[in-house]
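Just so it is clear: chains get the letters A, B, ... in the order the sequence lines come, proteins before strands, and each one is counted from 1. Bear in mind the structure is a predicted one, so any value in this text is a computation, not a measurement.
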Amino acid sequence: DAGVIQSPRHEVTEMGQEVTLRCKPISGHNSLFWYRQTMMRGLELLIYFNNNVPIDDSGMPEDRFSAKMPNASFSTLKIQPSEPRDSAVYFCAMGAGGADTQYFGPGTRLTVL
Amino acid sequence: GDSVTQMEGPVTLSEEAFLTINCTYTATGYPSLFWYVQYPGEGLQLLLKATKADDKGSNKGFEATYRKETTSFHLEKGSVQVSDSAVYFCALSPPGSGNTPLVFGKGTRLSVIA
């Protein structure tokens with residue numbers, strides 16, 4: 001069973017550019033979570049989906065951030081336009097809720113110059 | 001709301017030392033409790049979990065016991081190794097939460113020196 005796949009693993013871009021982060025979830029888990037991790041703020045939940053439907057996006061910092069899950073096999077997190085303070089590691093995770101384990105991807109390290 | 005508080009790091013230990021990382025929680029009812037570990041450059045991965053009071057989760061020499069009376073889930077290991085150097089996160093899943101996110105603590109960085 002392959003793990004959660006995220007791409008790219010590293011992204012360096014300039015301020016103002018659009019950034020798209022991708023997640024290919026594990027099959028059989030109906031919840032998908034996007035997190036952001038920084039030294040200053042730790043691990044923050046940005047948004048989560050149940051059965052491909054966005055449930056809570058209150059953690060999305062600004063309108064510059066958007067996320068989609070068009071089907072059970074794919075999700076994207078887009079930042080447009082990007083800013084240096086968006087620099088962080090972004091994780092995608094899958095789970096089935098309750099006592100079920102959440103499976104994290106390896107993360108995308110984003111650097112906005 | 002539900003929350004998790006874990007000890008501030010970093011924690012630095014010598015190889016073969018005893019490890020305790022404290023974790024307490026606030027939640028209504030009986031949540032499920034987890035410890036996740038993040039090795040350098042990787043995502044979080046489940047280390048152990050407990051789903052009801054007095055349960056003990058264990059894995060790779062680590063243990064944690066679900067203590068309802070003290071609302072705690074402290075992580076322990078009798079003899080740490082350099083390879084245990086990582087960030088450890090305590091987390092809870094609210095009871096009856098269905099498909100809602102885990103509530104994570106801020107993480108505790110452990111460094112083990114040879």
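B/Tyr39 and B/Ile113 end up in different hydrophobic clusters when Ile, Leu, Val, Met, Phe, Trp and Tyr side chains are linked at under 4.5 Å. In this structure, A/Met15 is a member of the same hydrophobic cluster as A/Ile79, with clusters built from ILVMFWY side-chain heavy atoms closer than 4.5 Å.
A/Arg64 CZ: more than 12 foreign heavy atoms inside a 6.0 Å radius. Heavy atoms of other residues, nucleotides or ligands lying less than 6.0 angstrom from CD of B/Glu8 number 12 at most. Around atom CG of A/Asn71, more than 12 heavy atoms belonging to other residues, nucleotides or ligands sit under 6.0 Å away. Within a 6.0 Å radius of CD in B/Glu16, no more than 12 heavy atoms belonging to other residues, nucleotides or ligands are found. Within a 6.0 Å radius of CD in A/Glu14, other residues, nucleotides and ligands contribute 12 heavy atoms or fewer.
When heavy atoms are compared at a cutoff of 4.5 Å, B/Gln45 does not approach chain A at all. A/Tyr35 touches chain B through its side chain: at least one heavy atom from C-beta onward sits under 4.5 Å away, while N, CA, C and O do not. With a threshold of 4.5 angstrom between heavy atoms, A/Gln37 approaches chain B through side-chain atoms but not through N, CA, C or O. Only the side chain of A/Arg9 has a heavy atom closer than 4.5 Å to any heavy atom of chain B.
Looking only at side-chain heavy atoms (C-beta outward), B/Tyr36 and A/Gln102 come within less than 4.5 Å of each other.
Chain B forms more heavy-atom pairs under 4.5 Å with one residue of A/Gly42, A/Pro106, A/Cys92, A/Ala93 than with any other, namely A/Pro106.
Of all heavy-atom pairs between A/Leu43 and B/Phe89, the closest is CB-CE2, 4.5 Å. In terms of heavy atoms, A/Phe33 sits closest to B/Pro101 at CE2-CA, 3.6 Å. In terms of heavy atoms, B/Gln38 sits closest to A/Phe91 at NE2-CZ, 3.3 Å.
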